[in-house]
Amino acid sequence: QVQLVESGGGLVQAGGSLRLSCAASGRTFGIYAMGWFRQAPGKEREFVAAIPWSGGTTAYADSVKGRFTVVRDNAKNTGNLQMNSLKPEDTAIYYCAAKMRTLVATMRGNYDYWGQGTQVTVSS
């Protein structure tokens, strides 16, 4: 089992920045990748970014490329999502997730564990 706890959400004005954190505990040695997803009201949960737990090529949704950066710190068992130049359309609940298998990182069905989510609200 892997437990994930997000933090760092909040209210920010358009153009501002937020940094989300995801603390992992439990069977962290088995994590293959950490992903970030978001869900806006009335919409499906969508992929935002992903990073291999051991390092390597990151992946981003087109809507956040150039504005968001995903990193991880294996020593601390944490992942972070740095969000810059935020837009009102970035408003959503953000979830981190852990993938224990070598499956496509952009598909939410391939993730095995999920955090509880943290609210991000961007005002115009």
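Side chains are part of it too, since the values below use all heavy atoms of this structure and drop only hydrogens, waters and symmetry mates.
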J.: The criterion is salt bridge (charged side-chain N to carboxylate O under 4.0 Å, His left out); which residues satisfy it with Arg19, sequence neighbours excluded?
T.: none
J.: In the hydrophobic clustering that connects Ile, Leu, Val, Met, Phe, Trp and Tyr at side-chain heavy-atom distances below 4.5 Å, which members other than Phe29 occupy its cluster, ordered by chain and number?
T.: none
J.: Once you round to the nearest 0.5 Å, how far does CZ of Arg38 lie from CG of Leu81?
T.: 9.5 Å
J.: Please list all pairs meeting disulfide bond (SG atoms under 2.5 Å apart) that have one or both residues in residues 46-77, counting only residues at least two apart or in different chains.
T.: none
J.: Run the salt bridge (charged side-chain N to carboxylate O under 4.0 Å, His left out) test against Arg108 and tell me which residues pass, sequence neighbours left out.
T.: none
J.: Where do Tyr113 and Val2 come nearest, in terms of heavy atoms and distance?
T.: CD2-O, 3.4 Å
J.: Not counting sequence neighbours, which residues clear salt bridge (charged side-chain N to carboxylate O under 4.0 Å, His left out) with Glu89? List them please.
T.: none
J.: Evaluate the side-chain contact (heavy atoms from CB on, under 4.5 Å) criterion for residues Leu20 and Asn80: first the C-alpha distance (whole Å), next the side-chain angles of each, then the deciding distance (0.1 Å), finally the verdict.
T.: CA-CA 5 Å; Leu20 304 184; Asn80 294 287; over 6 Å; no
J.: Quick one: list whatever passes salt bridge (charged side-chain N to carboxylate O under 4.0 Å, His left out) with Asp62, sequence neighbours left out.
T.: Lys65
J.: Could you report the tightest heavy-atom contact between Val71 and Ile51, atom names first, then the distance?
T.: CA-CD1, 3.8 Å
J.: Once disulfide bond (SG atoms under 2.5 Å apart) is applied, what residue pairs with a partner in residues 35-76 remain, sequence neighbours excluded?
T.: none
J.: Quick one: are Glu6 and Tyr94 in side-chain contact, heavy atoms under 4.5 Å?
T.: no
J.: Roughly how far apart are Met34 CE and Thr28 OG1, rounded to 0.5 Å?
T.: 9.5 Å
J.: Return the minimal non-hydrogen interatomic distance between Pro88 and Ala14, and the atom names on each side.
T.: CD-CB, 4.1 Å
J.: Checking Val12 now: which residues fulfil side-chain contact (heavy atoms from CB on, under 4.5 Å) with it, not counting sequence neighbours?
T.: Leu18, Leu86, Val122
J.: Is there side-chain contact between Gln39 and Glu44, with at least one heavy-atom pair below 4.5 Å?
T.: no
J.: Nearest 0.5 Å please: distance from the NZ atom of Lys87 over to the OG atom of Ser124.
T.: 14.0 Å
J.: Are the side chain of Asn74 and the backbone N or O of Asn77 linked by a donor-acceptor pair below 3.5 Å?
T.: no
J.: I need the full list of disulfide bond (SG atoms under 2.5 Å apart) pairs touching residues 52-124, with sequence neighbours left out, sorted by first then second residue.
T.: Cys22-Cys96
J.: For Asn110 and Met100, run side-chain contact (heavy atoms from CB on, under 4.5 Å): C-alpha distance rounded to whole Å, both residues' side-chain angles, the deciding distance at 0.1 Å, then the answer.
T.: CA-CA 9 Å; Asn110 291 341; Met100 313 302 280; over 6 Å; no
J.: Could you tell me which non-hydrogen atom of Ser85 sits nearest to which non-hydrogen atom of Arg67, and how far apart they are?
T.: O-NH1, 3.0 Å
J.: State, with a plain yes or no, whether a side-chain heavy atom of Val120 is found less than 4.5 Å away from one of Asp90.
T.: no
J.: Would you call Arg101-Asp112 a salt bridge at under 4.0 Å N-O?
T.: yes
J.: So Gln82 and Phe68, do their side chains get closer than 4.5 Å, heavy atoms only?
T.: no
J.: Do you know which two heavy atoms are closest between Ala49 and Tyr60, and how far apart they sit?
T.: CB-CD2, 3.6 Å
J.: Do Thr78 and Ser21 come close enough that some side-chain heavy atom pair is under 4.5 Å?
T.: no
J.: Indicate the atoms forming the closest heavy-atom contact of Arg72 with Pro52, along with that distance.
T.: NE-O, 3.5 Å
J.: Give a yes or no answer on whether the side chain of Asn84 reaches the backbone of Ser17 with a donor-acceptor pair at less than 3.5 Å.
T.: no
J.: Is there a donor-acceptor pair closer than 3.5 Å between any side-chain N or O of Thr91 and the backbone N or O of Thr121?
T.: no
J.: Name all residues meeting the side-chain contact (heavy atoms from CB on, under 4.5 Å) criterion together with Ser25; count only those two or more places apart in sequence or in a different chain, and write none if there are none.
T.: Gln3
J.: Taking only residues two or more places apart in sequence, or in another chain, which ones meet Ala40 in a side-chain contact (heavy atoms from CB on, under 4.5 Å)?
T.: Lys43, Ala92
J.: Please write out which residues are connected to Phe47 in a hydrophobic cluster, directly or through intermediates, given that two of Ile, Leu, Val, Met, Phe, Trp, Tyr count as joined at side-chain heavy-atom separations below 4.5 angstrom.
T.: Phe37, Ile93, Tyr95, Tyr111, Trp114
J.: In Å and rounded to the nearest 0.5 Å, what is the CH2 to CE distance from Trp36 to Met83?
T.: 8.0 Å
